[in-house]
Protein chains: 2
Amino acid sequence: MAEVRSPDTRERILDAAERLFMAHGYEGTSMRQITGEAGVNLAAVNYHLGSKKALVQEVFRRRLDWLNDERMRVLNAMEAEADGKPLKPSQIVDGFFGTLLRMADDERRGGITFLRLLGRMLTDPSEFIRAFFAHEYSEVIDRYKEALFKALPDVPKAEIVWRFHFMLGATSYAIAGTDALRVVTDWQIEEADATDRLDRLVPRLMSFLLGGLRAPLPQFSDAEAVGK
Amino acid sequence: MAEVRSPDTRERILDAAERLFMAHGYEGTSMRQITGEAGVNLAAVNYHLGSKKALVQEVFRRRLDWLNDERMRVLNAMEAEADGKPLKPSQIVDGFFGTLLRMADDERRGGITFLRLLGRMLTDPSEFIRAFFAHEYSEVIDRYKEALFKALPDVPKAEIVWRFHFMLGATSYAIAGTDALRVVTDWQIEEADATDRLDRLVPRLMSFLLGGLRAPLPQFSDAEAVGK
DNA sequence: CTATGATTCAAACGAACGTATGAATCATAG
DNA sequence: CTATGATTCATACGTTCGTTTGAATCATAG
């Protein structure tokens, strides 16, 4: 007795919203654009999702639920295998960022479109969006931070937390794929198509992240030091 | 004969816009919020700046002009000093990112507010904003890329370009200062106030960037390789 | 003081926004 | 076939948006 919940319309709305939020941001995308692109009636969003806020949250939830579960699964598997011994930093970084980046090839999980959306929205100014991410991510982040603490016992925890932050920034910006600064331009980069460039992005980014994570500790110029 | 161009109102508008764009983004900030915070009439923005688009561009231009000039000046000075020899990567990174980060302490240049605004807007979805950055930055970026090519002759140029991209992302995210993922939370980070945290952020970020820039080259698993 | 151009102001413009309504249409159970 | 609830639809509501207008006010030059 009516438990079906019309799969088609709701899904078409979420797909269109995913594309448009990626291209124009939350505030920059109107309900009329979304329903227009989805080929459904304007009122369908409020009927199926409730509101624009609920819509954008659902756009993320249907992808992030899987991502966070997968990250947890991978970390648990690695830790079970290690049997109490610390993991290698490269394993941890791959478990967190590699799992994310491999979503690019998985069209069922949103593919590159969702990755770019996520990269851009992580710095979105809307208060409730940032609050949503903080809630949705906190458990996984804490687990991975703990793993890094164990893997790098000689590095101060504060330092690891900051480097995690930096890694997130580099990754977020890379997957946002904004050519804002045309950093990656007509320089004779040999790669041809975007797919190929993406294949090579992952090992490139991983090398960079690990290099940053394992960099020598910074020297602070304060406290009992000379100047200032 | 009228060359004064009322310094006060125009500047008050730009200051208020800088704060509000930082807090709520371009699309999320209305002209009425801006003129309200600035304490000027609604029509003043269109009178002094022309339009909302022209306003946001001027908000950036009055800061970025100085930043880019300063980056050029620093690079030229270092290269003159080096007298034809390649610069050290740490010098180049400091010239580009250090010069940016030191703006945080310079209230005349917008201080931390402008830095956070810049960090967030670099991934802003609005097309014309990204185009504006691409135009405003390209010359400086090219000069610094060339310096890195010379400083790291054994690293493929494509690799350096990507790592520049990654460094930009880490920096942009760090200065955006979004606690989106609460990565930097109540973990007993010893620092007290935000100013102190910012002082220590610079050497921390620099270490991370240099570690990433100098990381071992990635291994690609394609071409004449085994799988896939 | 008067004249002139720069600036400020209150008010309004049309357009677009997110959301709500109630009738029409559809699918299915009995 | 009929009845019932789910879904779609055209339309409209009340706000807010960026921008424009023309008169009022200000500062300064002659």
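All chains are named by letter (A, B, ...) in the order of the sequence lines, taking the proteins before the strands, and each is independently numbered beginning at 1. Computed from a predicted model, the values in this text were never measured in an experiment.
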**Study point:** Interatomic distance, I13(B) CD1 vs dT7(C) P [rounded to whole Å]
**Key:** 12 Å
Review point. For dA16(C), does either OP1 or OP2 sit under 4.0 Å from a side-chain N or O belonging to S30(A)?
Key: no
Point to revise | Atom-pair distance (CG on D8(B); C1' on dA6(C)), nearest Å | key: 15 Å
Check your understanding: What is the distance, rounded to the nearest whole Å, between atom CG of L42(B) and atom C1' of dT16(D)?
Key -> 12 Å
Review point. How long is the line joining NE2 of H48(B) and C1' of dA6(C), in whole Å?
Key: 9 Å
Point to revise | Length of the CG-C1' vector between N46(B) and dC9(C), whole Å | key: 14 Å
Revision key, fill the gap. Between A176(B) and G119(B), the two heavy atoms sitting closest are CB-C, 4.0 Å
**Study point:** Any donor-acceptor pair under 3.5 Å from Y144(B) side chain to V93(B) backbone
**Key:** no
Check your understanding: Got a salt bridge between D106(B) and R63(B), using NZ or NE/NH1/NH2 to carboxylate O under 4.0 Å?
Key -> no
Point to revise | E146(A)/R143(A) ion pair, N-O < 4.0 Å | key: no
Review point. Which dot-bracket notation, 5' to 3', represents the base pairing of DNA chain D when pairs are defined as Watson-Crick or G-U with both distances under 3.5 Å, crossing pairs as [ ], and inter-strand pairs as |?
Key: ||||||||||||||||||||||||||||||
Point to revise | F164(A) six-ring face occupied by K145(A) cation (under 6.0 Å, within 45°) | key: no
Point to revise | Length of the line joining R32(B):CZ and dC17(C):C1', which is rounded to integer Å | key: 13 Å
**Study point:** Interatomic distance, I34(B) CD1 vs dC17(D) P [rounded to whole Å]
**Key:** 11 Å
Check your understanding: Does OP1 or OP2 of dT8(C) have a side-chain N or O of T9(B) closer than 4.0 Å?
Key -> yes
Practice item. Go through dT8(C), dT8(D), dT19(D) for me and flag the one nearest to the Y47(B) side chain. Key: dT8(C)
Check your understanding: Where the side chain of A43(A) is concerned, which of dA10(C), dG18(C), dC9(D) is the nearest nucleotide?
Key -> dC9(D)
Practice item. Quick one: label T29(A) by what it contacts on the DNA or RNA (base, sugar-phosphate, nothing), any heavy atom closer than 4.0 Å. Key: sugar-phosphate
**Study point:** N-O pairing of D15(B) and R62(B) below 4.0 Å
**Key:** yes
Point to revise | Toward the 5' end of DNA chain C, by each residue's nearest nucleotide, N41(A) or Q33(A) | key: Q33(A)
Revision key, fill the gap. note: L49(B), atom CG; dT7(C), atom C1'; distance rounded to Å ~ 14 Å
Exercise for review: Measure from NZ or CZ of R109(A) to the centre of the six-membered ring of F114(A) and say whether it is under 6.0 Å with the direction within 45° of the ring axis.
Suggested key: no
